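Bear in mind that the values here come from a model prediction, so they are computed numbers and not experimental data.
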Amino acid sequence: MTRFPRRALLGAGGLLAAPVSLRAQAAFPLRAITVIVPNPPGGGTDFAARLYQEGLSAALGQPVVIENRPGANGNIAITAVARAAPDGHTLLLQYNGYHAGNPAMMQNLTWDPIRDLALVGMATTAPHVILAAPNVPANTLAEFIAHARANPGKLNYASSGNGSIQHIGGVLFARAIGTEMVHVPYRGAAPALQDVAGGRVEMFITTPSSAVALIQAGRVKPLAMASARRAPGLPEVPTTAEAGLPGFTLDAWFAFAAPAATPAPVQDRLNAALRALAGTPAIRQRAEQAGAATEAMTLAELDALARREVDELGGVIRAAGITIE
């Protein structure tokens, strides 16, 4: 009979008796990691996920698979991750419009942003650019505002879905300039941009990463950045303050999220990998070229951000009376 030293047996027994979280830390990841994106390919959410795909795979030693599951204002993808096994192998690329907005707009949600999800890494933060269709008779923000005021209720603005940041931004923009505009929701930024470029919708407020190619090709008109600073990837586009609409700003974030019950050691490893990647020149430069920025945030900082936005953005939505059935 094979005999093992008593010390080895004690060590093995200690490992078997170790908390599940410690064993999960040693084992994670065991297989490919799936990142579910709640939007179609081509938008800012999809860009943020793919920006980290290769680096995260290298850091964790397993393939990272991007899976787009658009629909129901993000809820199809979000619900799938909230109900997934909490082992770190299924992640969500979450968007603050969904994370903070949906709970304020929708009744009977099957997920809660704080109880069911944990943000484990910031992917990108982005301002929004105000875009006009090529057939709109305005080349500056001031000209567009004058055109909208002269045609109350006749101009349309696109969004990536009811209750999205673009929707909220459109409501706030119309209020800021004192006129009415008609909301046209789409299933993601990419199809919305196509209709703006085609002249079927007059305006779209969206993140630069989803629009930079069309801007550079001259297929849409960038009127202003709804931000306190110009975007590195679009340095020629003025801020709203510079363009004559001070105080109108709109920011978005895109973050990796896991089921809330995911063991702390697994969350720590994911967060460490994503924070390290956010600081690499290659990822930072790609984000800047698309008009976004990377930001390394700890788990505590991410949790504080999520809680603050659920309260603040939710308050704006409720005050505006935006609801989704």
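Panel note: side chain Arg284, backbone Gly279; a donor-acceptor pair is recorded below 3.5 Å. Under the 3.5 Å distance criterion, the side-chain polar atoms of Tyr186 are left unmatched by any main-chain donor or acceptor of Leu193. Listed for the His128 side chain is a donor-acceptor partner under 3.5 Å among the backbone atoms of Leu250. Side-chain N or O atoms of Ser210 include one that pairs as donor or acceptor with a backbone N or O of Thr207 at under 3.5 Å. No donor-acceptor pair closer than 3.5 Å links the side chain of Glu309 to the backbone N or O of Leu305. Of the possible donor and acceptor atoms, none in the side chain of Asp251 sits under 3.5 Å from a partner among the backbone N and O of Thr125. One N or O on the side chain of Asn271 and one on the backbone of Met297 form a donor-acceptor pair closer than 3.5 Å. A donor-acceptor pair is defined here as one N or O able to donate and one able to accept, closer than 3.5 Å; such a pair exists between the side chain of Glu301 and the backbone of Thr298. Remark: side-chain polar atoms of Arg149 are not paired, donor with acceptor, to backbone N or O of Gly178 under 3.5 angstrom. Put simply, the side chain of Thr79 gets close to the backbone of Asn75: a donor and an acceptor are under 3.5 Å apart.
Between His99 and Ala306, the shortest heavy-atom distance links the atoms NE2-CB, 3.8 Å. Scanning all heavy atoms of the two residues, the minimum distance from Lys221 to Val136 falls at NZ-O, 2.7 Å. Closest non-hydrogen pair, Gln166 versus Ala158, comes out as CB-O, 4.3 Å. Pro238 and Leu223 get closest at one heavy-atom pair: CG-O, 3.8 Å. Considering all non-hydrogen atoms of both residues, Ala260 and Leu117 come closest at CB-N, 3.7 Å. What you find for Asn96 and Ala252 is that their closest heavy atoms are OD1-CA, 3.6 Å.
Under the 4.5 Å side-chain heavy-atom criterion for grouping Ile, Leu, Val, Met, Phe, Trp and Tyr, Leu93 is connected to Ile165 within one hydrophobic cluster. A continuous path of hydrophobic side-chain contacts links Tyr95 to Ile36 [ILVMFWY only; heavy atoms under 4.5 Å].
Counting heavy atoms from C-beta outward, Arg269 and Pro29 have side chains that approach closer than 4.5 Å. Proximity of Asp46 to Arg50: side-chain heavy atoms (C-beta onward) are separated by under 4.5 Å at one or more points. Between Leu60 and Leu270, some side-chain heavy-atom pair lies under the 4.5 Å cut-off. With contacts defined as side-chain heavy-atom distances shorter than 4.5 Å, the pair Asp112/Pro103 does not qualify. Taking the side chain as every heavy atom from C-beta outward, Thr240 and Met225 never approach each other to under 4.5 Å. Taking 4.5 Å as the limit, some side-chain heavy atom of Phe28 sits within range of a side-chain heavy atom of His89. Counting heavy atoms from C-beta outward, Val310 and Pro113 have side chains that approach closer than 4.5 Å.
For the pair Arg31 and Asp87, the salt-bridge criterion is met [side-chain N within less than 4.0 Å of a carboxylate O]. For the pair Arg307 and Asp303, the salt-bridge criterion is met [side-chain N within less than 4.0 Å of a carboxylate O].
Taking the six-membered ring where the residue is Trp, Phe248 and Phe173 present perpendicular rings, their angle passing 60° and hence far from 30°.
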Stepwise, does the side-chain contact (heavy atoms from CB on, under 4.5 Å) test hold for Arg175 with Met181? CA-CA 9 Å; Arg175 290 185 178 186; Met181 298 182 69; over 6 Å; no
For a side-chain contact (heavy atoms from CB on, under 4.5 Å) check, start with the C-alpha distance between Val64 and Thr34, then their side-chain angles and the critical distance, and finish with the verdict. CA-CA 6 Å; Val64 172; Thr34 298; over 6 Å; no
Could you walk me through whether Trp111 and Asn102 pass side-chain contact (heavy atoms from CB on, under 4.5 Å), step by step? CA-CA 10 Å; Trp111 58 274; Asn102 285 9; 3.9 Å; yes
Would Val171 and Ile322 satisfy side-chain contact (heavy atoms from CB on, under 4.5 Å), going step by step from the backbone distance to the final call? CA-CA 9 Å; Val171 170; Ile322 301 172; 4.0 Å; yes
Test log, rule ring pair (Phe, Tyr, Trp, His ring centres under 6.0 Å), inputs Tyr52 and Phe256: CA-CA 10 Å; Tyr52 286 81; Phe256 289 88; 5.7 Å; yes
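None of Asp195, Val196, Asn156 except one satisfies the side-chain contact (heavy atoms from CB on, under 4.5 Å) rule with Val184; the exception is Asn156. For the salt bridge (Lys or Arg N to Asp or Glu O under 4.0 Å) with Arg230, the qualifying choice from Glu236, Glu242, Glu288 is Glu242, the only one to do so. The side-chain contact (heavy atoms from CB on, under 4.5 Å) test with Gln267 singles out one residue from Leu302, Leu119, Val120, and that residue is Val120.
Residue Arg229 places its CZ atom among 12 or fewer non-hydrogen atoms of other residues, nucleotides or ligands, all under 6.0 Å distant. With a 6.0 Å radius and a threshold of 12 heavy atoms from other residues, nucleotides or ligands, Glu54 has its CD atom at or below the threshold.
Side-chain atoms of Asn39 and Tyr98 include a donor-acceptor pair closer than 3.5 Å.
Tyr157 and Phe204 have their aromatic ring centers separated by at least 6.0 angstrom.
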